[in-house]
Every structure is written in C-alpha cells, then in structure tokens.
Visitor: 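Provided herewith is a single structure, encoded as structure tokens, for subsequent inquiry.
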Amino acid sequence: MGTGEAKGRREMWKEVTIGGDGVLGLECDGKLSKQDFETMHAWLDRELAAAAAKPALVIFMGSFEGYKSAAAMWADMKVDTRHADDFSRVAMIADQAWIEWGTKAANLVAGANLKWFDPTERKAAIAWAQGAA
C-alpha cells in the first residue's frame with residue numbers, strides 16, 4: 001500500500017511483509033517527503049485499526065538518506081508522536097550512526113520499547129520485535 005505511483009511520483013517507503021502475526025514492517029528509501037509521511041501515517045492508521053492487539057513494528061532504514069524538507073521532518077515527528085504508544089516494540093534496522101544514536105536517545109527520553117539493530121542483525125531484530133528475545 002505504501003509503494004506506488006501517486007500522481008506520477010513514487011513514494012519512498014513501502015510496506016514489508018514480516019513472517020508471523022502481530023508485526024508490521026516498513027522500509028524507507030532515499031529522502032522522504034511530507035507526502036511520504038502522510039501516506040505512511042494513513043497506512044499505519046489502517047493497520048492499527050485492523051490489529052487485534054498492540055502490534056510490533058520493524059523499520060528497515062538501510063537506504064534512508066534523510067528528509068526532503070523541514071516540512072517532511074515535521075511530518076515525521078507528528079507520526080512518531082501520534083503513534084508513540086501504539087506499538088509493543090519498535091525495531092530500527094539501520095547502519096547509519098545518526099539513526100543508532102537517535103534510536104538510543106529516543107528510547108531513553110520517551111521510555112519507548114525501541115531498539116536499534118545493525119543490518120546484519122535482521123533476524124535478531126524481527127525476533128526481538130516478535131517478543132522472542
């Protein structure tokens with residue numbers, strides 16, 4: 001649902017199927033725009049409304065390069081704030097040092113159940129999100 005053509009443009013995120021129930025996945029690619037975060041937010045709302053329990057979320061950030069504008073960053077913060085308590089666990093898979101630092105800082109400040117994983121730890125990240133680790 002997240003990927004596709006919208007008025008001639010490709011969204012820079014997509015839904016990722018994770019094996020097992022109760023885990024949502026998404027992948028970010030390149031620089032994300034305000035519109036990308038708006039469509040991501042709508043997708044999250046639909047998925048959360050359909051969920052029987054609080055799901056986990058795995059975010060693949062391997063090719064994420066940042067934001068296209070300040071408006072995009074603001075849209076990301078709105079998505080993060082609105083969904084802060086909607087997930088049982090959030091696993092961030094990224095090799096960018098600034099994402100690792102940001103994930104650790106957010107976990108300390110917000111008290112969220114948020115954890116950073118290196119891309120080589122994909123299976124461990126999914127297992128942790130599923131509550132197995």
Side-chain angles (χ1 to χ4, degrees):
M1 279 191 181
T3 284
E5 295 296 321
K7 296 183 183 177
R9 73 178 278 293
R10 185 178 73 86
E11 293 169 359
M12 302 303 286
W13 73 275
K14 66 181 178 183
E15 179 180 358
V16 176
T17 302
I18 305 288
D21 292 332
V23 182
L24 303 175
L26 65 90
E27 180 178 0
C28 298
D29 181 30
K31 290 191 175 192
L32 275 66
S33 69
K34 179 181 178 206
Q35 184 177 0
D36 290 321
F37 285 106
E38 288 170 353
T39 59
M40 183 189 302
H41 184 86
W43 174 76
L44 286 170
D45 282 343
R46 285 189 305 273
E47 293 296 318
L48 289 166
K54 204 182 248 194
L57 177 64
V58 178
I59 304 174
F60 301 90
M61 306 285 288
S63 57
F64 179 64
E65 297 173 8
Y67 305 99
K68 285 189 176 181
S69 66
M73 186 171 66
W74 179 247
D76 183 21
M77 288 191 306
K78 289 194 308 189
V79 169
D80 291 348
T81 301
R82 177 150 178 204
H83 295 292
D85 294 322
D86 289 342
F87 298 100
S88 58
R89 293 179 171 197
V90 178
M92 301 286 291
I93 302 174
D95 60 359
Q96 300 92 327
W98 65 273
I99 294 175
E100 177 184 7
W101 179 87
T103 301
K104 290 178 179 178
N107 195 39
L108 290 173
V109 173
N113 207 356
L114 180 69
K115 190 171 180 180
W116 174 87
F117 293 86
D118 185 88
T120 62
E121 301 173 303
R122 178 185 173 104
K123 287 182 181 178
I126 292 169
W128 178 83
Q130 293 171 324

Visitor: Who passes side-chain hydrogen bond (donor to acceptor under 3.5 Å, both in side chains) against Thr17, sequence neighbours left out?
Guide: none

Visitor: Not counting sequence neighbours, which residues clear ring-ring contact (aromatic ring centres under 6.0 Å, His included) with Phe117? List them please.
Guide: Trp128

Visitor: Should we count NZ of Lys54 as having more than 12 external heavy atoms under 6.0 Å?
Guide: yes

Visitor: About how many Å separate CG of Asp76 and NE2 of His41, when rounded to the nearest 0.5 Å?
Guide: 12.0 Å

Visitor: Determine the minimum heavy-atom distance between Met61 and Met92, stating which atoms define it.
Guide: CG-CE, 3.9 Å

Visitor: List the residues meeting salt bridge (charged side-chain N to carboxylate O under 4.0 Å, His left out) with Glu121, not counting sequence neighbours, and say none if there are none.
Guide: none

Visitor: Where is the tightest heavy-atom contact between Gly25 and Leu57, given as atom of each residue plus distance?
Guide: N-CD1, 4.4 Å

Visitor: For Ser63 and Cys28, which heavy atoms make the closest approach, and how far apart are they?
Guide: OG-O, 3.3 Å

Visitor: State which residues pass salt bridge (charged side-chain N to carboxylate O under 4.0 Å, His left out) with Asp45; sequence neighbours excluded, sorted by chain then number.
Guide: Arg82

Visitor: Rounded to the nearest 0.5 Å, how far apart are CG of Leu26 and CH2 of Trp13?
Guide: 6.5 Å

Visitor: Answer yes when Lys14 and Glu27 have at least one side-chain N-carboxylate O distance shorter than 4.0 Å, and no when they do not.
Guide: yes

Visitor: Which heavy atom of Pro119 sits nearest a heavy atom of Ile93, and at what distance?
Guide: CA-CG2, 3.6 Å

Visitor: In the structure I gave you, are the side-chain heavy atoms of Val23 and Val58 within less than 4.5 Å of one another anywhere?
Guide: yes

Visitor: Name all pairs fulfilling the ring-ring contact (aromatic ring centres under 6.0 Å, His included) condition that reach into residues 16-39, sequence neighbours left out, sorted by first residue then second.
Guide: Phe37-Tyr67

Visitor: Does the pair Phe87 and Leu114 meet the rule for a side chain to side chain contact (heavy atoms under 4.5 Å, CB included), with working shown?
Guide: CA-CA 9 Å; Phe87 298 100; Leu114 180 69; over 6 Å; no

Visitor: Could you walk me through whether Ile59 and Phe64 satisfy the side chain to side chain contact (heavy atoms under 4.5 Å, CB included) test, starting with their C-alpha distance in whole Å, then the side-chain angles of each, then the deciding distance to 0.1 Å, before giving a yes or no?
Guide: CA-CA 11 Å; Ile59 304 174; Phe64 179 64; over 6 Å; no

Visitor: How far apart are the closest heavy atoms of Glu47 and Leu24, and which atoms are they?
Guide: OE1-CD2, 3.5 Å

Visitor: Tell me the closest heavy-atom pair linking Arg89 and Gly131, and the distance in Å.
Guide: NH1-CA, 3.7 Å

Visitor: Could you pull out all residues at least two apart from Lys78 that satisfy side-chain contact (heavy atoms from CB on, under 4.5 Å)?
Guide: Trp74

Visitor: Going by side-chain contact (heavy atoms from CB on, under 4.5 Å), name the residues that satisfy it together with Ala51, two or more places apart in sequence or in a different chain.
Guide: Pro55

